[in-house]
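We count residues from 1, following the sequence as given. Any value given below was found using the heavy atoms of this structure, including those in side chains, with hydrogens, waters and symmetry copies removed.
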Amino acid sequence: MGKNYLKLLIKRLSCLVKGIRNFEENVYVSPFCEIIHAERIVLKKGAVLEKHSRIYANGENAAIEIGNYTTIYPYALLKTNGGRIKIGRDCSVNDYAVLNGFGGIEIGDDVHIAPHVVIVASEHQYEKLGTPCFSTDMRGNGIKIENSVWIGANAVILDGVNIGTGAVIGAGAVVTTDIPAYTVAAGVPARVIKKWK
């Protein structure tokens with residue numbers, strides 16, 4: 001048995017031990033990542049789940065797909081809450097980022113999500129504040145992030161937003177409306193401050 005074969009076997013076993021059955025070659029799942037409902041998770045070729053990353057495919061119709069050579073870094077949280085999260089190839093979801101996919105999150109290829117970014121594809125109905133329904137009656141339109149997007153640290157992306165190809169979201173921005181392709185957006189709420197292409 002060669003070293004390469006042994007490495008492949010260990011990688012395969014790490015998926016199987018976590019209960020992930022739908023994975024392609026060369027994936028890496030740290031023994032220290034947290035997985036809930038592994039049967040609803042798809043890992044494409046070369047995907048990486050680093051130690052202490054948290055992948056929760058909770059909810060009846062939940063699904064998470066992580067694309068080719070995409071890395072989920074330590075302490076990042078992907079939580080479906082009954083929705084779907086799909087991340088394309090060559091992406092990075094950095095430390096402590098949170099993706100809440102109730103209404104659905106679709107992320108294209110080559111998207112880089114900095115530490116502490118929050119992407120929330122849902123909202124409470126504030127009219128129900130103070131009632132038992134407030135925590136259970138959610139709504140979500142979904143979030144779409146196109147290819148080659150860079151989202152700076154501590155940015156917040158709210159439900160119903162589309163972010164165009166090549167957009168840059170500044171650190172600390174709160175995105176409440178669509179951001180066009182090849183623009184830089186910053187501020188609270190985020191506004192386009194320049195076009196770069």
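No side-chain donor-acceptor contact under 3.5 Å links E146 to the backbone of G164. In this structure, the side chain of N61 does not engage the main chain of G82 through any donor-acceptor pair within 3.5 Å. With hydrogens and angles ignored, the 3.5 Å screen pairs no side-chain donor or acceptor of W150 with any backbone N or O of G166.
With respect to the salt-bridge test (charged N to carboxylate O, under 4.0 angstrom), the residues K86 and E106 do not qualify.
Side-chain contact between I107 and I143: absent, with no pair of heavy atoms (C-beta onward) separated by less than 4.5 Å. At a threshold of 4.5 Å between non-hydrogen side-chain atoms, the residues I119 and I105 count as touching. In this structure the side chain of T80 reaches within 4.5 angstrom of the side chain of I85, judged on heavy atoms. At least one side-chain heavy atom of N68 sits under 4.5 Å from a side-chain heavy atom of E24. Inter-residue side-chain proximity for V156 and V175 is flagged as unmet; no heavy-atom pair is nearer than 4.5 Å. A 4.5 Å side-chain heavy-atom check between L77 and Y56 finds at least one atom pair inside the cut-off.
In this structure, V149 is a member of the same hydrophobic cluster as V161, with clusters built from ILVMFWY side-chain heavy atoms closer than 4.5 Å. V27 and Y73 are assigned to two separate hydrophobic clusters, defined by single-linkage of ILVMFWY side chains at heavy-atom distances under 4.5 Å. V120 and V188 fall within the same hydrophobic cluster, defined by Ile, Leu, Val, Met, Phe, Trp and Tyr side-chain heavy atoms under 4.5 Å apart, directly or through other members. Residues F23 and V29 are members of one and the same hydrophobic cluster, defined by side-chain heavy-atom contacts under 4.5 angstrom among Ile, Leu, Val, Met, Phe, Trp and Tyr. Tracing side-chain contacts under 4.5 Å through hydrophobic residues (I, L, V, M, F, W, Y), one never reaches V93 starting from V118; they form parts of separate clusters.
Of all heavy-atom pairs between S30 and K18, the closest is O-CE, 3.6 Å. Annotation for A57 and I41: closest pair CB-CG1, 4.1 Å, computed over non-hydrogen atoms. Shortest non-hydrogen contact noted between A114 and G152 is CB-C, 3.6 Å. The heavy-atom pair separating V111 from G108 by the smallest distance is CG2-O, 3.8 Å. Taking every heavy atom of both residues into account, D159 and G140 meet most closely at OD2-CA, 3.3 Å. Minimum interatomic distance between D109 and G88 (heavy atoms only, all atoms of both residues): OD1-CA, 3.4 Å.
Side-chain contact annotation: T165 with N147, donor-acceptor N/O pair under 3.5 Å absent. Side-chain contact of Y75 with E50: a donor-acceptor pair under 3.5 Å is absent, judged by distance alone.
Rounded to the nearest 0.5 angstrom, H52 NE2 and C33 SG are separated by 10.0 Å. Rounding to the nearest 0.5 Å places OG1 of T176 at 10.0 Å from CD1 of I157. Summarising the geometry, atom OG1 belonging to T70 is positioned 9.0 Å from atom NE2 belonging to H112; distances are rounded to the nearest 0.5 Å. In this structure, CZ on R191 lies 8.5 Å from CD1 on I179, to the nearest 0.5 angstrom. The CG atom of D95 lies 11.0 Å from the CD1 atom of I72; values are rounded to the nearest 0.5 Å. We find the OG1-CG distance between T71 and N94 to be 9.0 Å, quoted to the nearest 0.5 Å.
For the pair K197 and Y182, the cation sits on the ring face: its NZ or CZ lies under 6.0 Å from the ring centre, inside 45° of the axis.
Residues passing the side chain to side chain contact (heavy atoms under 4.5 Å, CB included) test with N81 are N58, K79, N100, F102, sequence neighbours excluded. In terms of the side chain to side chain contact (heavy atoms under 4.5 Å, CB included) criterion, residue partners of I193 (sequence neighbours excluded) are, by chain and number, V184, A186. The salt bridge (Lys or Arg N to Asp or Glu O under 4.0 Å) search around E39 returns none, not counting sequence neighbours.
Around atom CZ of R89, no more than 12 heavy atoms belonging to other residues, nucleotides or ligands sit under 6.0 Å away.
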* **Audit row: I20, L43, side-chain contact (heavy atoms from CB on, under 4.5 Å) steps and yes/no** => CA-CA 8 Å; I20 299 171; L43 300 178; 3.8 Å; yes
* Check the pair I35, L49 against side-chain contact (heavy atoms from CB on, under 4.5 Å), reporting the backbone distance first and the verdict last. => CA-CA 10 Å; I35 305 282; L49 304 181; 3.9 Å; yes
* Steps toward side-chain contact (heavy atoms from CB on, under 4.5 Å) verdict (V117, I169) -> CA-CA 10 Å; V117 167; I169 308 300; over 6 Å; no
